[in-house]
Amino acid sequence: MSAAAVAPAGAERECQKCGRLLDEVGRCWVCAPAAPAVPLNLSMTNVQDATCECIRATDALAHCAQTEAEARSTLDLAEAEALILGVDGRNEAERKAALRLRLRDEYASLDAATAAVRQARRDLDVARLWIDGLRYQLRLLEVHRAPRIGGE
Ligand SMILES: [Zn+2]
């Protein structure tokens with residue numbers, strides 16, 4: 001993970017290298033490569049690698065989603081506990097702010113888990129596109145090799 005990807009939650013997310021705003025998955029559109037390089041030439045190894053990556057990414061996304069659900073549940077419980085114990089403040093806005101500050105760690109955990117889910121979803125999208133790219137090549141080969149009805 002790059003240094004730019006671990007900016008504190010809630011802070012302005014900027015690239016550590018060039019200062020540009022980072023995208024929703026914490027990447028700089030200039031410094032980070034636009035698309036991960038995946039080998040697209042049709043071979044048994046690449047088909048196997050793409051399939052393995054798709055399985056890994058599916059599993060990782062499920063794991064990240066579980067972590068996010070747990071972080072949300074922890075935040076909900078901590079909020080309920082804080083509300084029952086009472087939150088100081090002269091008005092609604094102050095009490096809301098005090099609650100937000102008291103639960104900052106829980107919010108940070110949830111933000112990190114949500115970012116991990118976005119990243120995992122993107123990885124899975126890339127893996128699926130990789131498989132699609134290989135599949136279309138295979139289809140093209142089949143079309144070119146198939147005997148044409150009615151002859152040439
Ligand atoms: Zn940058």
Side-chain angles (χ1 to χ4, degrees), residues 1-84 96-97 99-152:
M1 189 185 278
S2 71
V6 290
E12 199 73 81
R13 287 158 187 260
E14 286 172 0
C15 177
Q16 308 272 302
K17 216 163 137 194
C18 72
R20 286 183 174 84
L21 281 180
L22 299 176
D23 69 9
E24 71 277 5
V25 293
R27 287 182 199 212
C28 173
W29 64 276
V30 172
C31 300
V38 292
L40 275 171
N41 55 308
L42 189 57
S43 71
M44 186 58 86
T45 304
N46 287 343
V47 169
Q48 284 172 347
D49 286 352
T51 306
C52 284
E53 173 57 13
C54 202
I55 292 167
R56 187 208 62 77
T58 301
D59 195 51
L61 177 57
H63 180 77
C64 288
Q66 177 64 33
T67 303
E68 186 191 29
E70 284 165 10
R72 197 175 299 278
S73 172
T74 300
L75 172 61
D76 285 349
L77 278 174
E79 193 175 83
E81 204 174 76
L83 287 173
I84 282 176
K96 221 171 155 180
L99 185 64
R100 185 72 174 78
L101 280 176
R102 197 187 292 181
L103 301 175
R104 76 175 79 180
D105 290 345
E106 287 81 359
Y107 274 105
S109 293
L110 180 59
D111 285 349
T114 303
V117 167
R118 275 198 301 266
Q119 180 65 55
R121 202 164 275 145
R122 181 182 177 283
D123 288 348
L124 181 56
D125 285 346
V126 169
R128 283 179 175 153
L129 288 169
W130 188 11
I131 288 184
D132 283 350
L134 295 170
R135 184 183 289 140
Y136 290 133
Q137 286 182 69
L138 184 62
R139 185 77 195 105
L140 274 173
L141 282 177
E142 286 170 352
V143 166
H144 283 293
R145 282 182 187 170
R148 290 177 196 176
I149 296 165
E152 296 290 315

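Nearest heavy atoms, Ile131 versus Thr51: CD1-CA, 3.9 Å. Between Ala82 and Leu99, the shortest heavy-atom distance links the atoms CB-CD1, 3.5 Å. Here the closest non-hydrogen pair linking Leu124 and Leu61 is CD2-CD2, 3.8 Å. Asn46 and Asn41 make their closest contact through ND2-O, 2.7 Å (heavy atoms, listed as atom of the first residue, atom of the second, distance).
Contact annotation: the side chain of Leu22 approaches that of Cys15 to within less than 4.5 Å [non-hydrogen atoms, C-beta and beyond]. Counting heavy atoms from C-beta on, the side chains of Gln119 and Arg27 come closer than 4.5 Å. Counting heavy atoms from C-beta on, the side chains of Cys54 and Arg128 come closer than 4.5 Å. Contact of the Glu106 side chain with the Leu77 side chain is not registered, since no non-hydrogen atoms from C-beta on lie closer than 4.5 Å.
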Point to revise | Worked verdict on Val143 versus Arg139 for side-chain contact (heavy atoms from CB on, under 4.5 Å) | key: CA-CA 6 Å; Val143 166; Arg139 185 77 195 105; 3.9 Å; yes

Exercise for review: May I have the step-by-step check of side-chain contact (heavy atoms from CB on, under 4.5 Å) for Arg13 and Leu21, ending in yes or no?
Suggested key: CA-CA 6 Å; Arg13 287 158 187 260; Leu21 281 180; 5.7 Å; no

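Between the side chain of Asp123 and the backbone N or O of Ala57 there is no donor-acceptor pair closer than 3.5 Å. A side-chain donor-acceptor contact under 3.5 Å links Arg104 to the backbone of Leu101. Under a 3.5 Å cut-off, the side chain of Ser73 and the backbone N or O of Ala69 do not form any donor-acceptor pair. Using a distance-only test at 3.5 Å, with no hydrogens or angles considered, no donor-acceptor pair links the side chain of Glu53 to the main chain of Val126.
In this structure, Asp132 pairs ionically with Arg135, as a charged nitrogen and a carboxylate oxygen lie closer than 4.0 Å.
Take Thr114 and apply the side-chain hydrogen bond (donor to acceptor under 3.5 Å, both in side chains) test, not counting sequence neighbours, and it matches Glu68.
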